[in-house]
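Chain identifiers are assigned alphabetically (A, B, ...) following the order of the sequence lines, protein sequences preceding nucleic acid strands; residue numbering begins at 1 within each chain.
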There are 2 protein chains.
Amino acid sequence: MQQQALTEAVYYILLSLQHPLHGYGIIQNVDELSKGRVKLAAGTLYGALNTLESKGWIDALPENPESRKKEYVLTASGKTVLKEELLRLSELVENGKKLLEGN
Amino acid sequence: MQQQALTEAVYYILLSLQHPLHGYGIIQNVDELSKGRVKLAAGTLYGALNTLESKGWIDALPENPESRKKEYVLTASGKTVLKEELLRLSELVENGKKLLEGN
DNA sequence: CACGTTATATCGACATCCGATATATCGTGA
DNA sequence: TCACGATATATCGGATGTCGATATAACGTG
């Protein structure tokens, strides 16, 4: 139908990549951002990073031979997707508040 | 990891079932609620209704032999899930606004 | 030097969503 | 009246996303 809806994992990954960060750092950042609620499984994260890169929403930074870390960063296209997602989520919250109020 | 996150389809279905409604009515209601953005595919809807009923989040109302319509309604348990989901979505929006502001 | 953490990666299992397809009734305008 | 679009439910296969498990290895520290 539509292909706008991001999963929670992807949303938090993109939010984390407004500044360059590596995979494991994303897991920790998301954990912190969500106050421990969202703990990304390794399979989810590394799979998603590949998918997001092939979609052009994130870029892999040149690898640093002195480090094991592979850093990624949000692209302009990724930032657009992220902003649209925030609008979509806001709509969900508004509708939820409207229809649940008084309960 | 967690099993809290609802999909957009399920969220809107639950929101629609605070009052009794049948499947096709849900499709129309969600279309309207989302201003045409979310058009549930039939396979998504009828599959989800079965899943949600088996989870005890919605109940099927007694069938009316005079009508083709099968009505469903939210259970107390379903309402709890829906409220928790609204909190989760609010957290996503807050985090998104915080990290995207100034962009 | 052992052990927990950091770090990346792949795998199979499972759930969800989608579009397509099927079937049938209802309402309405030509 | 009859054709056609809307209403209404249902199932199917394919694609995708997430998970936990598993694997591998380097790093830091007591």
Between the side chains of B/Asp59 and B/Thr75, does any donor sit under 3.5 Å from an acceptor?
no
Choosing from D/dT18, D/dG17, D/dT9, which nucleotide comes nearest the side chain of A/Thr51?
D/dG17
In whole angstroms, the gap separating P of C/dA9 from CD1 of A/Ile26 amounts to 12 Å
Would you indicate what A/Ala48 reaches in the nucleic acid, counting non-hydrogen atoms under 4.0 angstrom: base, sugar-phosphate, or nothing?
nothing
Base, sugar-phosphate, or nothing: which does B/Gly43 touch, judged by heavy atoms less than 4.0 Å apart?
base
On DNA chain D, nearest-nucleotide positions of A/Gly47 versus A/Glu66: which is more 5'?
A/Gly47
With a 3.5 Å cut-off and heavy atoms only, can you find an N or O donor on one side and an acceptor on the other between the side chain of B/Arg68 and the base of D/dT9?
no
The remaining residues in the hydrophobic cluster of A/Val73, counting side-chain heavy-atom contacts under 4.5 Å among Ile, Leu, Val, Met, Phe, Trp and Tyr, are A/Leu61
Using a cut-off of strictly less than 4.0 Å, decide whether A/Lys69 has a side-chain nitrogen or oxygen near OP1 or OP2 of D/dA25.
no
Check this one for me: any side-chain N or O of A/Thr44 less than 4.0 Å away from OP1 or OP2 of D/dC19?
yes
Taking the basic N atoms (NZ, or NE/NH1/NH2) and the acidic carboxylate oxygens, is any pair closer than 4.0 Å for B/Lys35 and A/Glu91?
no
When rounded to whole Å, the CG to C1' distance for the pair B/Asn50 and D/dC12 reads 14 Å
Please determine if a side-chain N or O atom of B/Tyr46 lies less than 4.0 Å away from the OP1 or OP2 oxygen of D/dT9.
yes
Tell me: CG of B/Leu40 to P of C/dT16, nearest whole Å?
15 Å
OP1, OP2 of C/dT16 versus side-chain N and O of B/Lys55: anything below 4.0 Å?
yes
Separation of A/Leu45 atom CG from D/dC19 atom P, in whole Å?
10 Å
Using atom OH of B/Tyr24 as one end and atom C1' of C/dC26 as the other, report the distance to the nearest whole Å.
12 Å
In this structure, CG of A/Leu92 is separated from CG of A/Leu87 (nearest 0.5 Å) by 11.0 Å
CD of A/Glu71 versus P of C/dT6: gap in Å, rounded?
16 Å
Whole angstrom value for the distance that separates P of D/dT7 from CG of B/Leu21
13 Å
Just how far, in rounded Å, is C1' of C/dT5 from NZ of A/Lys39?
15 Å
Can you tell me if the side-chain N/O atoms of B/Lys70 get under 4.0 Å from OP1 or OP2 in D/dA10?
yes
Hey, is A/Glu63 close enough to A/Lys69 for a salt bridge, meaning N to O under 4.0 Å?
no
